[in-house]
Engineer: 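Before anything else, here's the structure in question.
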Amino acid sequence: MHQADGSGQLYALVDCNNFFVSCERALKPSLQGRPVVVLSSNDGCAVARSNEVKALGVKMGAPWFQMQALARRHGIVALSSNFTLYGDMSDRVVAILRDFSPEVEVYSIDESFLGIKGMDGQWATPSAMGQAMRQRVLQWTGLPVCVGVANSKTLAKLANHVAKKQPDFDSVCDFSSMTKSELDALLAHIDVNEVWGIGRKTAEHLRRIGINTVGVLRQASVNTLRTHFGVVMERIVSELHGVSCLGLDEAETPRQQIIASRSFGAPVMTVDALAEAVSSYVARACERLRGQGLVCGAVHAAIETSRFKESEQHYANGVTVPLHDPADDVRLLTGAALSGLRRIFRAGYQYKKAGVILMDLSPAAIRQHSLFDSVGMGVQSAQVMAAMDAVNALYGRDTLHLGSAGTQSRWMTRSDNRTPLYTTSWDELPRVRAG
DNA sequence: TCTGGGGTCCTAGGACCC
DNA sequence: TCTGGGGTCCTAGGACCC
């Protein structure tokens, strides 16, 4: 029986191996064992690689045209991406994981965090539970996964990394059952840039001050790190010590922005051609907007020439067009995007990419209760309550809070992390209303 | 010739208010 | 009008994630 230590949390990170490639293989078993890449739109570059392809040195994001020779030599199979398939397979994996724990955070299309504290009773160890997950997902979907277990999400990510890289772990690695010296020995050999939240820039910076491995990072002074790198690093290091700072985000939070953008197969020169692309992007973004019951307050339009052509001057520009009223009307949003496009269009360039971003999103239900016009003290409490009820029924009871900030009365704030000081909890609502 | 498409969070700096 | 502190709000840009 594994021992429950004092930290109180236990996370499993379940991550599908080479997800897009594995989905294609599940559909077409003859691809098993062969080198396979899945390509981005326009078959531009590799967005997923099988182990065989990784072994050939092909990097993530490598342009397809640059590996033609290699592909011919080794018989690499290149497939166009099929996101409908991947989304469907992802849903099936998540459904299986929910049988193992009710606490599931779907982190991305191919990975989920599970809260497994107290859920592993029917297995001898967390590792045994991980093996059970892995076998069931493989059996029911054909997808191979790796499982990392630890007392914090950041450590669980690292454990997953070890499970993937070190075959003797048999695809499941549990840090929580290791002794301190066992864990130290493992972390001493892991590069800092493998840590969740430490990217290229920060890793370079860390290396410059002599911090190369996770082991060294864990020993570094928290105060020094905090002054050099800010609060994010502070949190990362706490997590690396097994102190859980990042909780499980189980509820589906509404998007803050919706992006639709594409690179063009062939360059585009005219404003008309760009307008056509932009219109179609708005239409797709708008569909997602309404699907989530949101309205948008501003539309951002952007265009760009090729970043890779040295011979031509690079031009990239974008502009945000505010709307008079938040809306989800496709004609309104298209109009805004096109007026933005006309402002940034410059003739004579070969455009390779365009996109739109729907910004300043809010639940449409607020509109239905005319709350946008009624910010301030004069508003009827019943009206506020009705609107909040409607919104919270739609998005979960914590979507909106009533609160106030200083002398400025602020009837509603979205309960995102940026404004925690101004929100009061749902339970305090009646008191705030009475005041 | 051919180089993806989404997202989030944090910080710094300026405008503005009392 | 000047000086100054304390504070909020908004935005752009950077870094990161998959």
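None of these values were measured; they are calculated from a predicted model.
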Engineer: If you apply the rule side-chain hydrogen bond (donor to acceptor under 3.5 Å, both in side chains), what do you find for A:Asn212 with A:Asp191, and how did you get there?
Structural biologist: CA-CA 6 Å; A:Asn212 292 284; A:Asp191 197 286; over 6 Å; no
Engineer: Give the residues of residues 335-348 of chain A touching DNA chain B, defined as any heavy atom closer than 4.0 Å, sorted by residue number.
Structural biologist: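 The stretch gives none, as no residue of it lies under 4.0 Å from the strand.
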Engineer: Which protein N or O atoms sit under 3.5 Å from an N or O of nucleotides 11-15 of chain B?
Structural biologist:
none

Engineer: Grab the CD-P distance between A:Gln350 and B:dT1 for me, whole Å please.
Structural biologist: 12 Å
Engineer: Please determine whether a side-chain nitrogen of the Lys or Arg among A:Arg200 and A:Glu204 lies less than 4.0 Å from a carboxylate oxygen of the Asp or Glu.
Structural biologist: yes
Engineer: Which whole-number value in Å describes the distance from A:Asp249 CG to C:dC18 P?
Structural biologist: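 Interatomic distance, CG of A:Asp249 to P of C:dC18: 16 Å.
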Engineer: Identify whether the distance between the nearest side-chain nitrogen and carboxylate oxygen of A:Glu287 and A:Arg290 falls below 4.0 Å.
Structural biologist: no
Engineer: Counting only heavy atoms not in A:His189 (residues, nucleotides, ligands), do more than 12 fall under 6.0 Å from its NE2?
Structural biologist: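 No, because the 6.0 Å sphere around NE2 of A:His189 holds 12 heavy atoms or fewer from other groups.
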Engineer: Quick one, which residues of residues 262-280 of chain A touch DNA chain B with a heavy atom under 4.0 Å?
Structural biologist: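 Listed by number, they are A:Arg262, A:Ser263.
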Engineer: Would you tell me if any nitrogen or oxygen in the side chain of A:Gln256 comes within less than 4.0 Å of OP1 or OP2 on B:dC9?
Structural biologist: yes
Engineer: With rounding to whole Å, what would you report as the distance between B:dC16 and C:dG4 at their C1' atoms?
Structural biologist: 16 Å
Engineer: Could you state the CE-P distance from A:Met60 to C:dC16, rounded to the nearest angstrom?
Structural biologist: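 So the two atoms are 17 Å apart, to the nearest Å.
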Engineer: In terms of side-chain heavy atoms of A:Lys352, which of B:dC2, B:dG4, B:dG7 is nearest?
Structural biologist: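 Nearest to the side chain of A:Lys352 among the choices is B:dC2.
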Engineer: Tell me the stems DNA chain B sits in, counting at least three consecutive Watson-Crick or G-U wobble pairs, each under 3.5 Å on both distances.
Structural biologist: B:5-18 with C:5-18
Engineer: I'd like to check the side-chain contact (heavy atoms from CB on, under 4.5 Å) partners of A:Lys157; sequence neighbours left out, ordered by chain and number.
Structural biologist: A:Leu13, A:Tyr107, A:Glu111, A:Phe113, A:Trp196
Engineer: Fit a plane to each ring of A:Phe83 and A:Phe20, take the angle between them on a 0 to 90° scale, and name the class: parallel (under 30°), tilted (30 to 60°) or perpendicular (over 60°).
Structural biologist: perpendicular
Engineer: Assess whether side-chain contact (heavy atoms from CB on, under 4.5 Å) is satisfied between A:Leu155 and A:Glu239, documenting all intermediate values.
Structural biologist: CA-CA 7 Å; A:Leu155 278 178; A:Glu239 286 248 321; over 6 Å; no
Engineer: Mind checking side-chain contact (heavy atoms from CB on, under 4.5 Å) for A:Ser80 and listing every partner two or more places apart, or none if nothing turns up?
Structural biologist: A:Asp43
Engineer: Base, sugar-phosphate or nothing for A:Ala260? Non-hydrogen atoms, less than 4.0 Å.
Structural biologist: sugar-phosphate
Engineer: Name all residues meeting the side-chain contact (heavy atoms from CB on, under 4.5 Å) criterion together with A:Lys352; count only those two or more places apart in sequence or in a different chain, and write none if there are none.
Structural biologist: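 Residues passing side-chain contact (heavy atoms from CB on, under 4.5 Å) with A:Lys352: A:Pro267, A:Ser306.
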Engineer: Considering residues, nucleotides and ligands other than A:Arg34, do more than 12 of their heavy atoms fall under 6.0 Å from its CZ?
Structural biologist: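 Counting neighbours around CZ of A:Arg34, 12 or fewer heavy atoms of other residues, nucleotides or ligands fall under 6.0 Å, so no.
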Engineer: Apply side-chain hydrogen bond (donor to acceptor under 3.5 Å, both in side chains) to A:Ser221 and list each qualifying residue two or more places apart in sequence or on a separate chain.
Structural biologist: A:Thr224
Engineer: Between side-chain atoms of residues 328-338 of chain A and protein atoms elsewhere (two or more places apart, or another chain), which donor-acceptor pairs fall under 3.5 Å?
Structural biologist:
unit_1   : atom_1 : unit_2   : atom_2 : d
A:Asp329 : OD1    : A:Arg331 : N      : 2.7
A:Asp329 : OD1    : A:Leu332 : N      : 3.2
A:Asp329 : OD2    : A:Arg331 : NH2    : 3.3
A:Thr334 : OG1    : A:Val330 : O      : 2.5

Engineer: Within residues 193-205 of chain A, which residues have any heavy atom lying less than 4.0 Å from an atom of DNA chain B?
Structural biologist: none
Engineer: Would you give me the side-chain donor-acceptor pairs under 3.5 Å for residues 270-280 of chain A, sequence neighbours excluded?
Structural biologist:
unit_1   : atom_1 : unit_2   : atom_2 : d
A:Thr270 : OG1    : A:Ala273 : N      : 3.1
A:Ser279 : OG     : A:Ala275 : O      : 2.7
A:Ser280 : OG     : A:Ala277 : O      : 2.7

Engineer: Please pick, from B:dG6, B:dT8, B:dG4, the nucleotide with the shortest atom-to-atom distance to any side-chain atom of A:Ser41.
Structural biologist: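 Nearest to the side-chain atoms of A:Ser41, counting from C-beta on, is B:dG4.
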Engineer: Counting only side-chain heavy atoms from C-beta out, which of B:dT3, C:dC18, B:dG4 sits nearest to A:Gln66?
Structural biologist: B:dT3
Engineer: From CZ of A:Arg235 over to C1' of B:dC10, roughly how many Å is that when rounded to an integer?
Structural biologist: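 So the two atoms are 9 Å apart, to the nearest Å.
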Engineer: Take atom CG of A:Leu39 and atom P of B:dG4, then tell me their distance rounded to the nearest Å.
Structural biologist: 11 Å
Engineer: Kindly assign one of parallel, tilted or perpendicular to the pair A:Tyr315 and A:Tyr349, based on the angle between their ring planes and the thresholds 30° and 60°.
Structural biologist: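 Rings of A:Tyr315 and A:Tyr349: parallel, as their planes differ by under 30°.
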Engineer: Using a 4.0 Å heavy-atom cut-off, does A:Glu111 contact any base of the nucleic acid, only the sugar-phosphate backbone, or nothing at all?
Structural biologist: sugar-phosphate
Engineer: Walk me through whether A:Ser244 and A:Gln9 qualify under side-chain hydrogen bond (donor to acceptor under 3.5 Å, both in side chains).
Structural biologist: CA-CA 7 Å; A:Ser244 179; A:Gln9 307 289 338; 5.1 Å; no
Engineer: Round to a whole Å and report the spacing from NZ of A:Lys153 to P of B:dC9.
Structural biologist: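 It works out to 11 Å between those atoms.
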Engineer: Measure the distance from CZ on A:Arg288 to C1' on B:dG7 and round it to the nearest whole Å.
Structural biologist: 10 Å
Engineer: Please list all pairs meeting salt bridge (Lys or Arg N to Asp or Glu O under 4.0 Å) that have one or both residues in residues 50-73 of chain A, counting only residues at least two apart or in different chains.
Structural biologist: A:Arg25-A:Glu52
Engineer: Classify the nucleic acid contact of A:Lys59 as base, sugar-phosphate or nothing, counting any heavy atom under 4.0 Å across all strands shown.
Structural biologist: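 No contact at all - A:Lys59 keeps every heavy atom at 4.0 Å or more from the nucleic acid.
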Engineer: At 4.0 Å (heavy atoms only), tell me whether A:Tyr107 reaches a base, stays on the sugar-phosphate, or touches nothing.
Structural biologist: sugar-phosphate
Engineer: Assess whether a salt bridge exists between A:Lys309 and A:Glu312, defined as any Lys/Arg side-chain N lying under 4.0 Å from an Asp/Glu carboxylate O.
Structural biologist: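 So A:Lys309 pairs with A:Glu312 through a salt bridge.
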Engineer: A:Ile258 has an atom CD1; how far is it from atom C1' of B:dG5, in whole Å?
Structural biologist: 14 Å
Engineer: For the side chain of A:Arg255, counting heavy atoms from C-beta on, which of B:dG5, B:dT3, B:dT8 is nearest?
Structural biologist: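 So the side chain of A:Arg255 is nearest to B:dT8.
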Engineer: After noting the C-alpha distance and the side-chain angles of A:Arg134 and A:Gln131, does the key distance pass the side-chain hydrogen bond (donor to acceptor under 3.5 Å, both in side chains) rule?
Structural biologist: CA-CA 5 Å; A:Arg134 177 175 159 251; A:Gln131 289 293 351; 2.9 Å; yes
Engineer: Give the nucleotide from the list B:dT3, C:dC18, B:dT8 with an atom nearest to the side chain of A:Asp110.
Structural biologist: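 Of the options given, the side chain of A:Asp110 lies nearest C:dC18.
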Engineer: Side-chain N or O of A:Lys157 less than 4.0 angstrom from OP1 or OP2 on C:dC18?
Structural biologist: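 So the side-chain polar atoms of A:Lys157 do come within 4.0 Å of the phosphate oxygens OP1 or OP2 of C:dC18, strictly under.
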